[in-house]
Structures are given as structure tokens and as C-alpha cells.
Amino acid sequence: MAATIPTYDNCPDILRMMERGRAFLGTNTAIMCGAMTWVSHAPFVIALAKAGAFGVIASGGVNPQQVREQIQAVKAATDAPFGVNLITMDPKLMEHIDVCLDEGVAVVVLAGGLPPRDAIARIKEGGGKVMAFAPALALAKRMIRQGVDAFVIEGSEAGGHIGPVSTSVLVQEILPHIPEEIPVFVAGGIGDGRMMAHYVAMGAAGVQLGTRFAVAEESPAHPDFKRALTRAGSRDAVPTSQFDPALPVIPVRALVNQGTERFNALQLELLQAVKAGTKAKEEAQLEMEHFWAGSLRRAVQEGDVDGGSLMAGQSVGLVNKVEPVAEIVRDLMELGQAHWEKIGKGKVPA
Ligand SMILES: Cc1cc2nc3c(=O)[nH]c(=O)nc-3n(C[C@H](O)[C@H](O)[C@H](O)COP(=O)(O)O)c2cc1C
């Protein structure tokens, strides 16, 4: 018999504060594990679903048919809801959207830049729910008008592609100004349940983590990738730099290694080509994205921790062991509840 999904009844305050997020996601907790390219495939998303968290299938590096197979594999294993993360600059975005709608995916998460208006419209017309990343308040308001149903606000502490502003500032800038009916999930730098409790107490509908889940037992990442992350400190997870505005670069936060140097060399080479007029800016940007997808695959799947990309957020310094997904979710919930009881119920002197 299939094990029942935990309900975390021993965490009543956290559950209450997560109510809107849980209703939106359809899960027992409002804890999302953000999509991670090469990591967030079916078995991992199934483990998250069984723990009462919301998993999101990553579409980075895979085609629409492969995404369909991932979705079908999750649906075959659980009735629990889950999402699919689509990259807005993917030339096959619309095909990916049609696959998600066809398969009845609960939430489509549009990542990697502002979502095109027609992509939002297509998902809504097809009966899907759209979640997008809000990098600033004005852009969030515009996306609400275009039909976005929920947001992730992700600070620069996060692993992978990042924006320039920290989570703590985004939370103050955006969270209080988004209407109640639009749930907002806070991401970037969340390592434990205490931080999670603060964000939901401030009005977040839920949270999204990546780095802590990347090293979970059920994560398909190579043991050497997990070892590198569990050993690293917060200061080791550093964003890449942009050398020149002529070639805008979305920073990527990862552990510094030879892969970082290779990226810098590639950026320099592409910058020279753009300046010389032998390569279009957009083409150069796409080449950089292919570099990241390829080098992340080498690190995650082959364990190339020297030359591959070890994408990780600053919370990597708080992640010291490989644990089952269910244990991570339980720990987040129970530590959050314990912390709330300590600070939220008047036990701390004013
Ligand atoms: C290895 C790795 C790969 C990631 N890949 C993606 C991705 O493909 N799409 C995406 O939207 N976010 C991606 N992210 C970001 C996560 O989904 C999540 O938002 C982020 O890790 C949260 O911050 P944290 O790392 O501080 O927990 C990735 C993060 C990591 C660590």
C-alpha cells in the first residue's frame, strides 16, 4: 500500500501561515523545491510529492517529448500535484506549454527572463496556472495584469542564474504590495525552518529552496557533486561577473572551480566577437546558456567537480549532509514551528 503523505499536524502555526500557498499548490506544505536542470527529473519530483512538498520538473536541456515522459512518470507514481519549469528563451517554449496543458500539469513555472505575453495567455486559455519570477515590483504588477497567478521572488543568494537584489530586500520591496489572492513564494538563501518561518510570517504564501534539496538522498546528482556541496562554505558560492555591457550576462552563482575560469574565457572570446561585429549579441548569449547547461550536466551526471558547473546558493554553507527529502521537509516544518513558538508567542522579551 502506498504510504500516506505526511500532514505535519504538529506544526499548526506554520500550516496556518502557509494556508494560501498550500491551497494554490494543492500540497500539504507550501514548500517548493525549485526546478534544477538535470536534477529535477521524475524520481526526485516523486520523492518531493510523497513528502508533501511541491516538486517542479526542470525542462533545461530536454525536448518537449522528454518533458512529456517525465510528467507521465510522475503521474504514474503519485496523484499529488507538481509543476513544470519552462525557460522563456527556449525556442520550443510554446511546444513545451502545449505538452504541460495536454498532461494537465498543476502549475507552469516560467523562468529565465520575463515571460512573453502570448505564453501566459496560452497557459491561461488552456486552463493552466502560471507562476513567474518577479524581479521588481513594477514588473510584478505588469505580469499580474497579463494574468500571472503566482510569483517566486528569488534573491541573489540563490544558486544558479540570479538577479542583482538580495532576498531580504525583494521581500520588503515586493511582498507587501502584491494582492492577497496572488501567492508569493520566497526563494534564495533559505537553509532552515527558522528563516522559512520568518518569510511566511511576513506574508509569503510559501518558500522555494534549491540548494538544500540538490544534495538530498533522492537527488540524482553524482556523489562527488553532493560531496562538493556538503563540504563548501557560503563564501565559496560566488556569482559570475559581466565584463562589458556590450554583452549582458545573467550572473550564475556556483562554487568557484576551473569551470568558472572556462566561463570567463568563453565570455571574453564572445565579447570580442560581439564587439568586432562577427557575432550577434543574442547568439553569444545563447552560447553562454548552452555552456551552463553542458557544464552543469557534466558536474551533476558525471561528477566532474573540477571542470563542470557546481551551481549552488550561499545557503550551501548550511548544508552539511545528505538526507532523504522527507527528512528535509520534516526538519523545515518542525524547526519552523519550534522557532515560531519561541518568538511568535511572546517568549522573547520586547
Ligand atoms: C544546481 C541548480 C540548478 C538550478 N537550475 C534551475 C533551473 O533550471 N531553472 C530555474 O528556474 N531555477 C534553477 N535553479 C534555482 C532553483 O530552482 C531555486 O530557485 C534556488 O536554488 C533557490 O535558492 P537556494 O539555492 O538558495 O535554495 C537551480 C539551482 C541550483 C542550485
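The shown structure was predicted, so the numbers you read here are calculated from the model rather than taken from an experiment. Side-chain atoms are counted along with the backbone in the values below, which use heavy atoms only and exclude waters and symmetry mates. Just follow the structure's listing: the first ligand is 1, and inside any ligand the first atom is 1.
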Atoms of ligand 1 close to [X] [distance to a heavy atom under 4.0 angstrom, numbered from 1]:
X      : answer
Gln208 : 17 (O), 18 (C), 19 (O)
Met311 : 1 (C), 2 (C), 31 (C)
Gly34  : 17 (O)
Leu209 : 27 (O)
Ala111 : 11 (O)
Ser315 : 26 (O)

Does some non-hydrogen atom of [X] fall short of 4.0 Å from ligand 1?
X      : answer
Ala214 : no
Gly188 : yes
Val39  : no

Does [X] reach the main-chain N or O of [Y] with its side chain, forming a donor-acceptor pair under 3.5 Å?
X      : Y      : value
Thr27  : Thr29  : yes
Gln301 : His222 : no
Gln267 : Ser241 : yes
Asn257 : Leu310 : no

Taking [atom] as the reference point, the nearest protein heavy atom with its distance:
atom                    : answer
atom 2 (C) of ligand 1  : Met36 CG, 3.7 Å
atom 26 (O) of ligand 1 : Gly189 N, 2.8 Å
atom 18 (C) of ligand 1 : Glu154 OE2, 3.4 Å
atom 13 (C) of ligand 1 : Ala35 O, 2.9 Å
atom 11 (O) of ligand 1 : Asn85 ND2, 2.9 Å
atom 8 (O) of ligand 1  : Thr37 OG1, 2.5 Å
atom 24 (P) of ligand 1 : Thr211 OG1, 3.7 Å
atom 22 (C) of ligand 1 : Gly210 N, 3.6 Å

task: Select one of side chain, backbone, both or neither to describe which atoms of Ala158 lie under 4.0 Å from any atom of ligand 1, heavy atoms only.
output: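 Both backbone and side chain.
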- prompt: Between Val109 and ligand 1, which part of the residue brings a heavy atom under 4.0 Å of the ligand: side chain, backbone, both or neither?
  reply: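 Val109 to ligand 1: no contact under 4.0 Å from either part.
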Donor-acceptor pair between [X] and [Y] side chains, under 3.5 angstrom:
X      : Y      : result
Gln258 : Asp306 : no
Gln70  : Gln66  : no
Glu103 : Gln72  : yes
Thr167 : Glu157 : yes

message: With a 4.0 Å cut-off on N to O distance, would you call Asp236 and Arg231 a salt bridge?
response: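 No.
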task: Compare every heavy atom of Val300 with every heavy atom of Val39, then report the nearest pair and how far apart it is.
output: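 What the structure gives for the nearest pair is CG2-CG1, 4.0 Å.
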Within one Ile-Leu-Val-Met-Phe-Trp-Tyr cluster: Val152 and Leu175, side-chain cutoff 4.5 Å: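 In one cluster with Val152: Leu175, no.
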message: Parallel, tilted or perpendicular: which one describes the rings of Phe24 and Phe185, with boundaries at 30° and 60°?
response: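 Judged by the thresholds at 30° and 60°, the geometry between Phe24 and Phe185 is tilted.
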field: N or O pair under 3.5 Å between Gly159 and ligand 1
entry: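 Checking ligand 1 against Gly159, an N or O pair does fall under 3.5 Å apart.
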